[in-house]
2 protein chains.
Amino acid sequence: MGVTIKDIAKSAGVSYSTVSKALRDSPLVKEPTKTRIIEIAKQLGYQPNVAARSLVSKKSNTIGVVWPTIERVTHSALITGLNKQLEQLSYTTLISINEMEFAINTFNRYQVDAIVAFDDRNSKEPANSTVPIVTYGIAHDQSPFPTVDVNRRQAIRSAVQYFMSIGHKRICYVGDLLQEDRLQEEKVNGFKQAVKSFGLDPYYSRVVSVSDLEQYDGYEATKKLLKDREPPTAVISGSHDLSKGILRAVYESDLSIPHDISIISYDNIPATENFEVPLSTVGVPLQLITEKLAEVLMDVINGEETEKRIFLEPELKITESCQPINGG
Amino acid sequence: MGVTIKDIAKSAGVSYSTVSKALRDSPLVKEPTKTRIIEIAKQLGYQPNVAARSLVSKKSNTIGVVWPTIERVTHSALITGLNKQLEQLSYTTLISINEMEFAINTFNRYQVDAIVAFDDRNSKEPANSTVPIVTYGIAHDQSPFPTVDVNRRQAIRSAVQYFMSIGHKRICYVGDLLQEDRLQEEKVNGFKQAVKSFGLDPYYSRVVSVSDLEQYDGYEATKKLLKDREPPTAVISGSHDLSKGILRAVYESDLSIPHDISIISYDNIPATENFEVPLSTVGVPLQLITEKLAEVLMDVINGEETEKRIFLEPELKITESCQPINGG
DNA sequence: CTTCTGAATAACAACGTTGTTATTATTGTA
DNA sequence: TACAATAATAACAACGTTGTTATTCAGAAG
């Protein structure tokens, strides 16, 4: 069925070891022979057998991604980016949506070179794994593997701080998820902490809950929020999708941005799509995250020492969606 | 690094071939020896090396899923279900989000036993693959691989037919996507065809476009729709999420379901979550799809002949969200 | 007390590849 | 012309596993 180097060898009239070298572009094979062999391989539609190759070389050039929460969209953009990043390093990405322990066992059997695990709320400590693991998500101290994480707490804090610096006193955060979600919790905590340490009045500067992170949830929450006697002058949104809904609700209430309300959105996407007003954002650009992840992966593969907790610092990108409180 | 059967053999004082047999539960090994070996294997944390195993057995017990459009949520529930289904057949699922041809090459190198490819609008004919392929999506005739598909056209047609049978004359379909998406097109075509062949007035029974399939899009479209002088008495929704928005918009307009408007939603989920009124649906239950996919996969793996085009017929589930036009 | 039978285990080849070592062909030099 | 030295290719072992074949050993039968 599958065409092997032996088939090519026979067809080219050389030994199979020569074929192997030719295909790996070894200098030990004469140039004309090499090109002839490569040509034949292409003609026969040869695909190297990973099993055989990784059996002898103990390398598979593959990264396994453990992603049990496929249904939550959160990480899909990140995984897409990581996939691209790794492709450039000539690694192939395989994804398992099974439960963490099972997935890790699978990848161990497959001898992938490293594993990326997305932190799940109910993930047990990944069992004994021969393959090195890198986790992404909330860095908890007990984890024995290097973790790459975004400093979400700091992100929201920066946003609050910025709003205060331009005179805002009533700053709300939209995006508290009722269900347990550590990533969201971090942001909420960042906000509460900031309110406290900056001495804002918690009556006006409060957290608004939503049932999910989609556009409609932001819309709904903001509608309610704007009915307050004294609505906020600045809003921080917990996600890009929420922001879309927030904007919609603001416009429907015949208010304008930034004149009546300033807004900053937590976001990983660098340039936000064409809204009426370009949206200010705070967060770590996706590419920075994937680059760091790829870097750490290469480190653990090459057995190099890595920092155990890597916190990526968010960037604040201010556009016309923010304005000083007494500037209009 | 990895512990092999030879390590176990040494530790148990037997030959490695005996270990292999013991772990595969062969009757050629005496019971006490067997249990002793298994015990040692467990202690050492042995994980069989897939590379070696699939090299000799030419089987990997793995199914590859090609899913380049990870960012579109459409198929995530389906893949989750398929994963479960295959797990029960003791197959492992691996996913690649790379472009079709690349992904198929990868899976060929990995010698997966079969590949499931989700039809992508711009998928070229999958190149020469040693591994059998099953596609899911719109069945186009030129494809040389078995295809499993849902008869979306028929689904929408059934809904129209049902509405007519209970007296509705003004029936709208919400869910035309502006971007090219063959799955959506099928539904729209089913609607248009039904309107024509059933002799409905295309002025009142029309297609409403949305920019995406999310809740807010349904909300927005319906808001506009209800402003018509003569809005429809029945609405067919193109997706579950759209339906949520449609319901919301109807209620906000102080209309009631089914008194003022009847609604049927295209959906793959059998029992729809707790809305105010349980939602009527038409579609093929997810489980039926995954079962069929798994079945076809097993067939192609075992080299059995399969039907080339498998169309799953949708089911209509009517609840209180529908009512005869002159019944209230 | 041999010889046979069958159970239990050991030894070995094979899977497709890579890296190392051995062999042959080619060239340059005395 | 003979002999290194080197280039090009061939042969071979190894990776960890499975399935087949060979060996050992106990007990049964003669």
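Just so you know, these numbers come straight off a predicted model, no measurement behind them. Note: hydrogens, waters and symmetry copies are ignored here, and every other heavy atom, side chains too, is used. Per chain, numbering begins at 1; letters A, B, ... match sequence-line order.
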By side chain to side chain contact (heavy atoms under 4.5 Å, CB included), which residues pair with [X], not counting sequence neighbours?
| X | value |
| --- | --- |
| Glu313(B) | Asn151(B), Gln154(B), Phe311(B) |
| Glu315(B) | Pro285(B), Leu288(B), Lys317(B) |
| Tyr46(B) | Val3(B), Ile5(B), Ile8(B), Leu23(B), Ala41(B), Pro48(B) |
| Ala114(B) | Ile63(B), Pro132(B), Leu297(B), Val300(B), Ile301(B) |

State whether the side chain of Ser60(A) and the backbone N or O of Gln111(A) hold a donor-acceptor pair below 3.5 Å, judged by distance alone. yes

Backbone N or O of His240(A) within a donor-acceptor pair of the Asp267(A) side chain at under 3.5 Å? no

What distance do [X] atom [atom1] and [Y] atom [atom2] have between them, rounded to the nearest 0.5 Å?
| X | Y | atom1 | atom2 | answer |
| --- | --- | --- | --- | --- |
| Asn83(B) | Ile97(A) | CG | CD1 | 4.0 Å |
| Phe145(A) | Thr147(A) | CZ | OG1 | 9.5 Å |
| Met100(A) | Asn105(A) | CE | CG | 12.0 Å |

Expressed as a whole number of angstroms, how long is the span from [X]:[atom1] to [N]:[atom2]?
| X | N | atom1 | atom2 | answer |
| --- | --- | --- | --- | --- |
| Glu31(B) | dT9(C) | CD | P | 11 Å |
| Gln111(B) | dC15(C) | CD | P | 13 Å |
| Ile5(B) | dT18(D) | CD1 | P | 6 Å |
| Lys58(B) | dG16(D) | NZ | P | 21 Å |
| Tyr110(A) | dT17(D) | OH | C1' | 15 Å |
| Lys6(B) | dT18(D) | NZ | C1' | 13 Å |
| Leu55(B) | dC15(C) | CG | C1' | 4 Å |

Do any pairs count as a salt bridge (Lys or Arg N to Asp or Glu O under 4.0 Å) and have a residue in residues 295-308 of chain A, sequence neighbours left out, and if so which ones? Lys292(A)-Glu295(A)

Filter on salt bridge (Lys or Arg N to Asp or Glu O under 4.0 Å), then keep only pairs touching residues 6-24 of chain B, sequence neighbours left out; what's left? none

What does the list of N/O pairs under 3.5 Å between the protein and nucleotides 4-7 of chain C look like, with a distance for each?
none

So what does Thr33(B) touch, heavy atoms closer than 4.0 Å: a base, only the sugar-phosphate, or nothing? sugar-phosphate

Suppose we screen for salt bridge (charged side-chain N to carboxylate O under 4.0 Å, His left out). Which residues come up paired with Glu185(B), at least two apart in sequence or across chains? none

Let's see if you get this right: which residues in residues 11-28 of chain B place a heavy atom under 4.0 Å from DNA chain D? Tyr16(B), Ser17(B), Ser20(B), Lys21(B), Arg24(B)

Tell me which donor-acceptor pairs under 3.5 Å the side chains of residues 85-92 of chain A have, and how far apart each pair is, sequence neighbours excluded?
residue: Gln85(A); atom: NE2; partner: Thr290(A); partner atom: OG1; Å: 3.2

Less than 4.0 angstrom between a side-chain N/O of Ser57(A) and OP1 or OP2 of dG19(C), yes or no? no

How sharply is the helix from dC1(C)-dG30(D) to dA30(C)-dT1(D) bent, taking the axes over five pairs at either end and rounding to 10 degrees? 80°

Are Arg309(A) and Asp149(A) ion-paired here, with the side-chain N under 4.0 Å from a carboxylate O? no

Any residue in residues 37-50 of chain B with a heavy atom nearer than 4.0 angstrom to DNA chain C? Just list them by number, or reply none. none

